[in-house]
Amino acid sequence: MPQYRIRLTPSLVESMTLSTMEAYCIGDLEERRKNGVETYGYVWGTKNRSRDGLTIFHLSKLSISITAKRSYMAVFPNPKAGILKNNVLQRMAPHLTLLADFHSHPWATQKSMKRDVGFDFSPQDFISFLQDDLFWETSDNNPVMLVQTVVRLSRKGRKGSGWRRPNVFHFDIDDHRFWINAVVGFLDEHGNRQHTGNRTRSVIIEPLAFTNSTGSRISG
Ligand SMILES: [Zn+2]
């Protein structure tokens with residue numbers, strides 16, 4: 001299977017987290033559940049291929065969709081929104097390519113999140129991903145799907161950051177924990193759309209700039 005690395009810029013992670021938190025803590029006027037609603041957006045960046053066949057995604061820009069239909073257990077994109085936003089951004093920032101879609105998974109409790117492995121993409125996420133022609137076309141058949149999961153921590157536990165899997169990175173902000181999961185789509189030898197799945201060694205999320213890596217110390 002091809003190998004992929006995902007680089008998320010700090011400003012992208014900030015924008016994702018702000019939207020995920022607003023949707024989680026405040027929700028939507030029509031959806032007043034404990035875990036708020038899911039949010040949805042479009043992600044642009046650049047893609048490079050190294051000589052040894054490694055594809056590196058540098059994802060840098062997020063635009064949250066204000067016409068996606070948000071609910072507490074799903075979010076439905078407006079198909080017109082991605083085309084419109086991409087046409088506008090191509091005029092303003094032609095060096096950026098629409099490479100990924102983003103949504104959030106809000107969970108009311110740690111227990112339910114753990115029970116259902118809430119940071120995984122759902123079967124419906126994968127069906128939508130394989131069918132969404134826009135991202136396959138703009139990304140030259142290499143789209144990325146990102147999900148950010150959030151849960152409020154009930155007890156004071158060990159805080160930190162790291163990987164649950166190579167493609168799942170987690171970090172804490174005060175009493176909230178976040179996981180970012182990434183999946184990459186590609187064409188197989190028959191030209192059929194495939195994806196790397198929830199459990200893979202083909203996709204690595206690089207460490208986020210503001211989180212600690214093991215053994216790091218500030219000197220001086
Ligand atoms: Zn999902």
Side-chain angles (χ1 to χ4, degrees), residues 4 6 8 12-13 15-28 30-45 57 59 62-79 81-82 85 98-136 139 142-152 163-171 176-186 193-200 202-203 205:
Y4 304 100
I6 311 279
L8 308 168
L12 179 81
V13 177
S15 298
M16 285 166 58
T17 304
L18 291 173
S19 177
T20 296
M21 280 297 274
E22 182 180 8
Y24 182 57
C25 298
I26 301 174
D28 217 322
E30 293 164 21
E31 293 281 354
R32 294 188 180 278
R33 303 257 180 165
K34 201 179 171 191
N35 62 331
V37 293
E38 296 192 7
T39 184
Y40 182 88
Y42 302 86
V43 177
W44 289 261
F57 294 93
L59 302 178
L62 170 70
S63 176
I64 288 300
S65 180
I66 63 165
T67 53
K69 190 159 170 25
R70 295 176 289 269
S71 81
Y72 71 96
M73 59 176 299
V75 62
F76 303 97
N78 179 338
K85 283 173 188 275
L98 180 61
L99 293 174
D101 77 335
F102 160 73
H103 72 286
S104 64
H105 281 175
W107 286 88
T109 64
Q110 270 178 284
K111 202 173 159 193
S112 56
M113 203 301 292
K114 266 188 192 163
R115 185 193 60 218
D116 295 349
V117 198
F119 55 76
D120 272 353
F121 291 97
S122 68
Q124 187 55 49
D125 286 339
F126 286 116
I127 291 169
S128 307
F129 180 60
L130 290 175
Q131 291 175 346
D132 203 331
D133 294 337
L134 173 66
F135 295 96
W136 287 83
S139 68
N142 249 170
V144 177
M145 176 165 62
L146 296 172
V147 67
Q148 183 175 30
T149 302
V150 57
V151 74
R152 198 172 288 112
W163 288 264
R164 281 297 299 262
R165 300 174 195 148
N167 59 314
V168 181
F169 192 84
H170 69 86
F171 60 96
H176 288 76
R177 179 158 296 169
F178 303 88
W179 294 258
I180 297 175
N181 188 350
V183 154
V184 181
F186 60 94
R193 291 176 182 178
Q194 305 289 349
H195 59 74
T196 51
N198 278 313
R199 293 175 178 274
T200 180
S202 296
V203 180
I205 292 189

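Quantities reported herein were computed from a predicted structural model and do not represent experimental measurements. Numbering of ligands and ligand atoms starts at 1, following listing order.
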Could you check whether Y42 and Y40 have their ring centres less than 6.0 Å apart? yes
On the 0 to 90° scale, with breaks at 30° and 60°, tag the F129-W136 ring pair as parallel, tilted or perpendicular. tilted
Kindly write out the residues that satisfy side chain to side chain contact (heavy atoms under 4.5 Å, CB included) with D133, not counting sequence neighbours, or none if the list is empty. E137, R193
Listed as residue and atom, the protein N/O/S atoms under 2.8 Å from the Zn ion (ligand 1) are H103 NE2, H105 NE2, D125 OD1, D125 OD2
Please lay out, stage by stage, how D120 and R165 fare under the test salt bridge (charged side-chain N to carboxylate O under 4.0 Å, His left out). CA-CA 11 Å; D120 272 353; R165 300 174 195 148; 2.8 Å; yes
Keeping the roles fixed (side chain from K69, backbone from A74), state whether a donor-acceptor pair exists under 3.5 Å. no
Is a side-chain N or O of N35 found less than 3.5 angstrom from the main chain of P106, in a donor-acceptor match? yes
